[in-house]
Amino acid sequence: MDTPQLHEPQPLKKSHKLHNVCYDIRGPVLDHAKRLEEEGQRILKLNIGNPAPFGFEAPEEILQDVMRNLPTAQGYCDSKGLYSARKAIMQECQRKLIPNVGIDDIFIGNGVSELIVMAMQALLNDGDEVLIPAPDYPLWTAAAHLSGGHAVHYLCDEQADWTPDMADIRAKITSHTRAIVLINPNNPTGAVYPPAVVKEVLEIAKQHNLVVFSDEIYDKILYDGVEHTSTGALADDDQLVITMNGLSKSYRCAGFRSGWMTISGTLAKLNAQDYIQGLNMLASMRLCANVPAQHAIQTALGGYQSINDLILPGGRLLAQRDITVEKLNAIPGVSCVKPKGALYAFPRLDPKVFNIKDDQQMVLDLLLQEKILLVQGTAFNWPEPDHVRIVTLPWADQLGDALDRFANFLSRYRQ
């Protein structure tokens, strides 16, 4: 009897599908930050929009509703979500003038992140292209690649308040383009697009029969009287618009992982039945989203909108936005377009002044020297190493101190 041959064990490697997937908001520099924390050092984490660690707590009535409903939230619910939660989302769509969104046009997920991946997986075949803004929230790019597609980045114009460059969008559409992504209000720039800009993007999408994905998670975090108009409210009835939103930011419930996706465009939905069936299939495969957290949705959307206390004059978020912009623009060689919404600033570091070639190395050096954690601009698929993203969640005095230290760091830093 032959003795079986033993083969040398080979290293177990990740799937090829992950080769172009990255999420540097929680990337290699964060690993260094964790190591420093394990050594007992305190790190100011300005890398992720997580409200709770900075003292932003969810409204008490939301927490009470979740707790009161825990006894009845132990089983699975409908794969699209609780009826009461979807009804509240439907009414929110009516308030935002997004027409003809019914109960069955709403999917609740474990955060918007899960729904982005689901929407891409249901749509893309290998080699399909999705137009995604640069800079972007990098999960959109990662989800496109993970789904077998290819992210094509259209530029947003810093000189025009970070609005999309329409000529660049048109130039990058090919026969393989299936969809276009809008992030409005924008992460990482804080831009809020005027209705005319959104309408122009919609017109381009209509000409080329593209699905429009609209990420509107920051739609209630607006400054200086700026108003947000939902993409779905501006689209024609024969355009398919998938709108993403959730509780993480405006309601300070990031850990609940409760987000939703709505489908609008009555005529478009008739032509997209196969795609919608794919979404239903993927929703059913994960059975349902977190049921206890869904009980927060009705109270959040229908109750007192405490976010307004934070963004209006005298509000903490507004004060933090203001000190961030003031301090950044006071640094020689640094400029920052004032964010109109969201929780971030995306300042430019003049290459003629700083000559930075590797922005990831720069944020690592900042971490090691000043114990401040930022994210490099190229992590948001910006093509040049001349930006960083700063989270504006700490108290204004803490932010001011951190940005003074950032200024001192830059004054002596060269690569």
Side-chain angles (χ1 to χ4, degrees), residues 14-18 20-21 23 73 75-83 85-87 89-90 93 98 101-132 136-151 176-183 209-217 231-232 239-248 256-265 268-294 297:
K14 65 184 179 184
S15 162
H16 294 310
K17 291 179 292 189
L18 293 173
N20 292 316
V21 175
Y23 188 74
Y76 299 129
C77 71
D78 187 288
S79 61
K80 289 184 177 180
L82 290 174
Y83 180 87
R86 285 187 289 149
K87 182 69 175 289
I89 295 164
M90 184 184 78
C93 289
I98 304 174
V101 174
I103 292 291
D104 287 335
D105 300 320
I106 298 166
F107 294 78
I108 297 176
N110 296 300
V112 169
S113 301
E114 179 186 55
L115 297 168
I116 289 172
V117 174
M118 186 187 301
M120 291 290 186
Q121 287 180 328
L123 179 69
L124 299 180
N125 292 312
D126 290 350
D128 283 346
E129 295 173 354
V130 181
L131 287 166
I132 299 174
D136 71 341
Y137 176 58
L139 181 65
W140 282 102
T141 293
H145 288 300
L146 186 63
S147 302
H150 179 60
H176 299 288
T177 310
R178 300 292 306 281
I180 184 167
V181 174
L182 281 174
I183 304 173
N209 195 30
L210 306 181
V211 177
V212 179
F213 293 110
S214 190
D215 184 341
E216 302 181 9
I217 189 74
T231 303
Q239 286 190 277
L240 194 71
V241 177
I242 312 291
T243 304
M244 309 286 186
N245 216 316
L247 299 183
S248 293
F256 282 22
R257 309 311 302 129
S258 192
W260 54 86
M261 171 174 70
T262 64
I263 307 173
S264 58
K269 284 184 279 191
L270 294 175
N271 292 325
Q273 285 303 303
D274 196 56
Y275 173 55
I276 295 170
Q277 183 180 0
L279 292 173
N280 285 327
M281 184 185 304
L282 291 173
S284 297
M285 285 170 61
R286 48 99 221 225
L287 296 176
C288 68
N290 180 323
V291 177
Q294 291 183 51
I297 293 174

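Quick caveat: nothing in here was measured; it's all calculated off a predicted structure.
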So, for [X] and [Y], which heavy atoms are closest and what is the spacing to 0.1 Å?
X: Asn290; Y: Ala293; value: OD1-N, 3.1 Å
X: Ile108; Y: Ala289; value: O-CB, 3.6 Å
X: Gly232; Y: Ser264; value: CA-OG, 4.1 Å
X: Leu115; Y: Phe107; value: CD1-O, 3.8 Å
X: Gly278; Y: Ala122; value: C-CB, 4.1 Å
X: Gly75; Y: Val291; value: O-CG2, 3.5 Å

Side chain to side chain contact (heavy atoms under 4.5 Å, CB included) between Met244 and Ile217, intermediate numbers included: CA-CA 7 Å; Met244 309 286 186; Ile217 189 74; over 6 Å; no
Measuring only between side-chain heavy atoms, which start at C-beta, is [X] closer than 4.5 Å to [Y]?
X: Asp128; Y: Leu123; answer: no
X: Arg178; Y: Glu129; answer: no
X: Asn280; Y: Lys80; answer: yes
X: Glu216; Y: Thr231; answer: yes
X: Ile297; Y: Trp260; answer: yes
X: Met120; Y: Leu139; answer: no
X: Arg86; Y: Asp104; answer: yes

Nearest 0.5 angstrom please: [X] [atom1] to [Y] [atom2], how far?
X: Leu182; Y: Leu131; atom1: CG; atom2: CG; result: 10.0 Å
X: Ile132; Y: Thr141; atom1: CD1; atom2: OG1; result: 4.0 Å
X: Met118; Y: Arg286; atom1: CE; atom2: CZ; result: 4.0 Å
X: Ile89; Y: Met261; atom1: CD1; atom2: CE; result: 11.0 Å
X: Ser79; Y: Leu279; atom1: OG; atom2: CG; result: 11.0 Å
X: Asn125; Y: His176; atom1: CG; atom2: NE2; result: 12.0 Å

[X] side-chain N/O to [Y] backbone N/O, donor-acceptor pair under 3.5 Å:
X: Asp105; Y: Gly102; answer: yes
X: Gln294; Y: Ala85; answer: no
X: Arg257; Y: Gly109; answer: no

Which is it for Tyr83 and Asp78 under the side chain to side chain contact (heavy atoms under 4.5 Å, CB included) test, yes or no, and what are the steps along the way? CA-CA 8 Å; Tyr83 180 87; Asp78 187 288; over 6 Å; no
Stepwise side chain to side chain contact (heavy atoms under 4.5 Å, CB included) check, Asp136 with Val181: CA-CA 9 Å; Asp136 71 341; Val181 174; over 6 Å; no
Can you check side chain to side chain contact (heavy atoms under 4.5 Å, CB included) on Leu240 and Tyr275, steps first, answer last? CA-CA 11 Å; Leu240 194 71; Tyr275 173 55; 4.0 Å; yes
Output all residues satisfying ring-ring contact (aromatic ring centres under 6.0 Å, His included) with Phe213, sequence neighbours left out; order by chain, then residue number. Trp140
